[in-house]
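The structure appears right after this line, and notes come after that.
Whatever order the structure lists them in is the order used to number ligands and atoms, beginning at 1.
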Amino acid sequence: MIPENHPRAESLRVRDRLVECLRRGIVVEQGLIAHGRGEAFDYLLGERTTMHAREAIRAAVAMMLLAEHPVISVNGNVACLCARDVVRLASILNARIEVNLFYRSYERERAIEMLLRENGAEMVYGVGERASMSIPELMSERRRVDRDGIYMADVVLVPLEDGDRTEALVRMGKKVIAIDLNPLSRTARSATITIVDNVTRAVPLMVDMASRLRGASIDDLHAIVNSFSNAGNLEASLAVIRDGVERLGGGEVGSS
Ligand code: PTJ
């Protein structure tokens with residue numbers, strides 16, 4: 001039982017949710033470790049969405065609205081932490097949802113598909129025989145993709161990703177939007193747009209942004225995308241983390 005007034009109540013609730021998803025076969029053990037790495041960066045970012053992340057969210061949503069075939073790639077952690085918002089985002093952006101797993105098994109694909117359907121998804125790509133195409137030069141199970149999903153996509157949103165697939169998707173000529181709390185990761189560095197934020201905050205903010213931008217003109221959307229620099233944004237996020245280290249190292253007490 002997590003006391004409501006515990007300074008880390010929200011973070012502890014998220015951990016409980018992941019453990020529950022582990023029991024239901026949605027998340028893998030390695031997903032808990034990956035989340036722990038993310039938590040460390042989030043701690044230094046102050047566990048809030050920075051203005052730089054907001055800029056990246058705006059550019060990412062504009063890019064998805066301009067896309068012909070946008071696809072949202074979902075793994076175990078993302079399904080567990082933001083299934084409902086993924087479905088909402090896909091519906092506003094007219095994007096397809098595809099299950100794509102590093103630790104792939106048919107049981108997990110189905111469990112994640114069911115969770116997405118429970119949250120309103122009508123069609124889920126990439127499950128079972130549907131994932132019959134391969135991303136070239138990628139050896140992991142993540143290479144298996146749906147012909148009508150990631151394979152044909154021009155823009156792919158990859159929340160919580162490993163670097164190999166991001167690089168491979170970029171080599172295929174796709175635009176890749178990553179959500180990664182680590183601005184130093186290979187994913188963050190090789191994506192077209194990286195949102196340095198927690199998926200639990202970033203995906204709901206993307207839903208809000210999509211509702212606001214969906215009426216914007218094509219020219220305005222292009223202007224938003226063209227004025228965004230991923231390298232500059234990553235540097236700015238790193239500076240926030242550096243400040244976080246100094247703040248906490250300088251005597252300010254963290255919440256843990
Ligand atoms: O469900 P599967 O089988 O596809 O496996 C998923 C995991 C997460 C195990 C797999 O994708 C993996 O091993 O990921 P990595 O390579 O550890 O990368 C995870 C990245 O996401 C790291 O850079 C973390 O800092 C970051 N991260 C972790 N939790 C969050 C996060 N970024 C945003 N929000 C989070 N909640």
* Asked: Does the pair Asp146 and Arg96 meet the rule for a salt bridge (Lys or Arg N to Asp or Glu O under 4.0 Å), with working shown?
  -> CA-CA 11 Å; Asp146 195 313; Arg96 292 181 174 173; over 6 Å; no
* **Amino acids contacting ligand 1, non-hydrogen cut-off under 4.0 Å** =>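 For ligand 1, the residues that come within the 4.0 Å heavy-atom cutoff are Gln30, Gly31, Ala34, His35, Arg37, Gly38, Asn75, Gly76, Leu101, Phe102, Tyr103, Arg108, Arg142, Leu160, Glu161, Asp162, Asp180, Leu181, Asn182, Asp197, Asn198, Val199.
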* Carboxylate-amine/guanidinium proximity below 4.0 Å for Arg117 and Glu113 ->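 Result for this pair is yes, salt bridge flagged.
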* Asked: Are Ile72 and Tyr125 grouped together when hydrophobic residues (ILVMFWY) are joined by side-chain heavy atoms under 4.5 angstrom apart?
  ->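 Each belongs to a different hydrophobic cluster.
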* Asked: Going by distance alone, is a donor N or O of one side chain under 3.5 Å from an acceptor N or O of the other, for Asn119 and Arg88?
  ->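 On atom types as modelled, these side chains do not qualify, holding no pair under 3.5 Å.
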* To do: Could you check if a side-chain atom of Glu98 sits within less than 4.5 angstrom of a side-chain atom of Val145, using non-hydrogen atoms only?
  =>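 Side-chain contact under 4.5 Å: yes.
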* Heavy-atom neighbours of Arg147 CZ exceed 12 at 6.0 Å ->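 It does not: Arg147 CZ has 12 such atoms or fewer within range.
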